[in-house]
Colleague: 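Okay, handing you the structure first.
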Amino acid sequence: HIERPMTDPKPNSSEQNTTHFGYKTVEESEKEKLVADVFHSVAGKYDVMNDLMSFGVHRLWKRYTIEMSGVRRGNSVLDIAGGTGDLSYAFSKRIGPEGTIVLADINESMLKVGRDRLADRGVAGNLEVVQANAEFLPFESNKFDVVTIAFGLRNVTHKEVALKEMYRVLKPGGRLLVLEFSKPKNELLSKAYDLYSFKALPFMGKLV
């Protein structure tokens with residue numbers, strides 16, 4: 001069991017005062033606002049962007065995440081950085097009315113889109129919507145059977161703090177699933193991936 005630090009972690013050097021925002025290095029204090037501005041601007045078109053940029057493959061990854069979760073009826077699930085609610089919707093059908101799904105996101109615009117879409121799809125009785133920072137989760141320890149964060153860890157300033165928080169709220173024997181991009185090991189594929197990431201993705205994002 002790992003408790004959350006009583007205070008925010010203090011950087012030990014000037015190097016630790018900076019972090020990554022996309023492919024730029026920024027001050028840690030700036031990152032949360034920069035991320036928020038991006039998601040405020042794209043909330044209504046977030047799913048369209050994901051479909052375009054991943055050629056729809058993100059839906060297969062999320063389906064695989066659901067299968068790996070081992071979620072059952074009556075379970076409690078925390079969907080961190082849940083955004084527009086596609087994972088929350090899939091979980092809600094599996095846990096049934098006796099279970100609980102918590103859709104959590106730090107961004108108010110994304111949360112509103114997710115809440116409205118889930119309501120339109122008939123998800124209500126077993127759904128809770130919470131605006132929350134992954135680094136300071138407002139939940140008691142040992143609360144959830146499953147915790148997920150899909151394509152959200154990259155946007156967290158102190159990832160190690162957020163991971164400790166996820167561990168803290170997870171029940172013993174529960175499962176944490178982190179869905180995120182990584183670096184291809186094949187050199188040719190890696191070069192193609194970098195070209196797509198540095199050139200194509202920013203252009204497509206700007207258009208959308």
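Everything numeric in this text was worked out from a predicted model, so none of it was measured.
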Colleague: Keeping the roles fixed (side chain from Q131, backbone from I106), state whether a donor-acceptor pair exists under 3.5 Å.
Modeller: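 At least one qualifying donor-acceptor pair exists.
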
Colleague: To the nearest 0.5 Å, what is the distance between CD (E128) and OG (S76)?
Modeller: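 One gets 9.5 Å once the value is rounded to the nearest 0.5 Å.
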
Colleague: In terms of the angle between their ring planes, are F144 and F139 parallel, tilted or perpendicular, with boundaries placed at 30° and 60°?
Modeller: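 Rings of F144 and F139: perpendicular, over 60°.
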
Colleague: Please go through L188's hydrophobic cluster and name the other residues, only I, L, V, M, F, W, Y counting, with side-chain heavy atoms under 4.5 Å joining them.
Modeller: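 Joined to L188, directly or through intermediates: none.
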
Colleague: Per the salt bridge (charged side-chain N to carboxylate O under 4.0 Å, His left out) rule, what does the pair list look like for residues 92-106, sequence neighbours excluded?
Modeller: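 Those involving residues 92-106 are E67-R94, R73-E98.
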
Colleague: Working to the nearest 0.5 Å, report the span between NZ of K143 and CG of L137.
Modeller: 12.0 Å

Colleague: Do you know the tightest heavy-atom contact between L179 and K62?
Modeller: CD2-CG, 3.9 Å

Colleague: Give the minimum heavy-atom separation between V156 and K159, together with the two atoms involved.
Modeller: O-NZ, 3.2 Å

Colleague: Output yes when E160 and K164 qualify as a salt bridge under the 4.0 Å nitrogen-oxygen rule, no when they do not.
Modeller: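 Salt bridge absent between E160 and K164.
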
Colleague: If you compare all heavy atoms of L170 against all heavy atoms of L176, which two are closest, and at what distance to 0.1 Å?
Modeller: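 Closest heavy-atom pair between L170 and L176: CD2-N, 3.8 Å.
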
Colleague: Please report the interatomic distance OG1(T157) to CG(N133), rounded to the nearest 0.5 Å.
Modeller: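 Answer rounded to 0.5 Å: 8.0 Å.
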
Colleague: What residue among R168, E165, K171 forms side chain to side chain donor-acceptor pair (under 3.5 Å) with S141?
Modeller: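 Of the listed residues R168, E165, K171, the side chain to side chain donor-acceptor pair (under 3.5 Å) partner of S141 is R168.
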
Colleague: Taking all non-hydrogen atoms of both residues into account, name the closest pair between G96 and N126 and its distance.
Modeller: O-ND2, 3.0 Å

Colleague: Mind checking whether P138 and V130 have side chains closer than 4.5 Å, heavy atoms only?
Modeller: yes

Colleague: What residues join L111 in its hydrophobic cluster, counting side-chain heavy atom gaps under 4.5 Å, either direct or through other members?
Modeller: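 Other cluster members: Y64, I66, M68, V71, V77, L87, Y89, F91, I95, I101, L103, L118, V123, L127, V129, V146, L177.
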
Colleague: Taking all atoms of both residues into account, what is the closest heavy-atom pair of I149 and L153, and its distance?
Modeller: CD1-N, 3.6 Å

Colleague: Quick check: closest heavy atoms across S190 and P184, and the distance to 0.1 Å?
Modeller: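 It is CB-O, 3.7 Å.
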
